[in-house]
Amino acid sequence: MEDLQLLERMRADWNQRAGEDANYYVAFGRRQQQEEEFYDTAADVVRDLEHDLKRFRGREAALEIGCGPGRLMRPLSRHFAEIHGVDVSDEMIRLARERLRDIPKAFVYHGSGADLG
């Protein structure tokens, strides 16, 4: 019961943050970032991941846990046949679906925050 209450508080907290200013709470650049600025905050992370991806073959699918509004999924989608993201926040999932709607191989799912079930 206590775990369920914790998960519900976590979901409510992230839904509140996403509704207030999702870009800020994901990237901590500054408040009210424009979308291009928000995606630019992922540049270093994406560059490092792309470097590491060179070692792997058969990159059919990827999963981002805690995908938020899709900041990393968008640029990394070009490296995979499919890219999946999971997040505890209903609002983050809504934003990710909206922002990734032009990438047909991107899929986002609502998760419990406790497992990948």
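Remember, it's a predicted structure, so these values are computed and weren't measured experimentally.
Residues passing the ring-ring contact (aromatic ring centres under 6.0 Å, His included) test with Phe107 are His84, sequence neighbours excluded. With sequence neighbours excluded, the residues forming a salt bridge (Lys or Arg N to Asp or Glu O under 4.0 Å) with Glu91 are Arg94, listed by chain and number. Remark: Arg30 pairs with Glu37 by the salt bridge (Lys or Arg N to Asp or Glu O under 4.0 Å) rule, at least two apart or across chains. Listed by chain and residue number, Arg17 satisfy the side-chain hydrogen bond (donor to acceptor under 3.5 Å, both in side chains) test with Asp13 (two or more places apart in sequence, or in another chain).
A side-chain donor-acceptor contact under 3.5 Å links Arg74 to the backbone of Arg99.
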Listed pairs under 3.5 Å, donor-acceptor, residues 60-73 side chains, sequence neighbours left out:
| unit_1 | atom_1 | unit_2 | atom_2 | d |
| --- | --- | --- | --- | --- |
| Arg71 | NH1 | Thr41 | O | 3.2 |
| Arg71 | NH1 | Thr41 | OG1 | 2.9 |

Hey, mind stepping through Asp87 and Val108 against side chain to side chain contact (heavy atoms under 4.5 Å, CB included) and telling me if it holds? CA-CA 8 Å; Asp87 203 283; Val108 291; over 6 Å; no
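Of the inter-residue distances, the one linking Trp14 atom CH2 with Arg9 atom CZ reads 16.0 Å to the nearest 0.5 angstrom. Taken to the nearest 0.5 Å, the OG atom of Ser89 stands 10.5 Å off from the CE atom of Met10.
Shown here for Leu95 and Ala22, the closest heavy-atom pair between the two residues is CD1-CB, 3.5 Å. Of all the heavy atoms in Ile103 and Ser77, the pair that sits closest is CD1-OG, 3.7 Å. What you find for Ala27 and Gln33 is that their closest heavy atoms are CB-NE2, 4.2 Å. The two residues Leu76 and Glu50 come nearest to each other via the heavy atoms CD2-CG, 4.3 Å.
Connection of Leu49 to Val86 is not established within any shared hydrophobic cluster, with ILVMFWY side chains joined at heavy-atom distances below 4.5 Å, either directly or through further cluster members. Side-chain heavy atoms closer than 4.5 Å link hydrophobic residues (I, L, V, M, F, W, Y) into clusters, and following such links, possibly through other members, connects Met92 to Leu7. Connection of Val45 to Ile83 is established within a shared hydrophobic cluster, with ILVMFWY side chains joined at heavy-atom distances below 4.5 Å, either directly or through further cluster members.
Counting heavy atoms from C-beta on, the side chains of Arg31 and Glu20 come closer than 4.5 Å.
Here ring pair (Phe, Tyr, Trp, His ring centres under 6.0 Å) pairs that include residues 32-54, with residues two or more places apart or in two chains, number zero.
Each of Asp90, Ile93, Val88 was checked for a side-chain contact (heavy atoms from CB on, under 4.5 Å) with Asn15, and the lone residue meeting it is Asp90.
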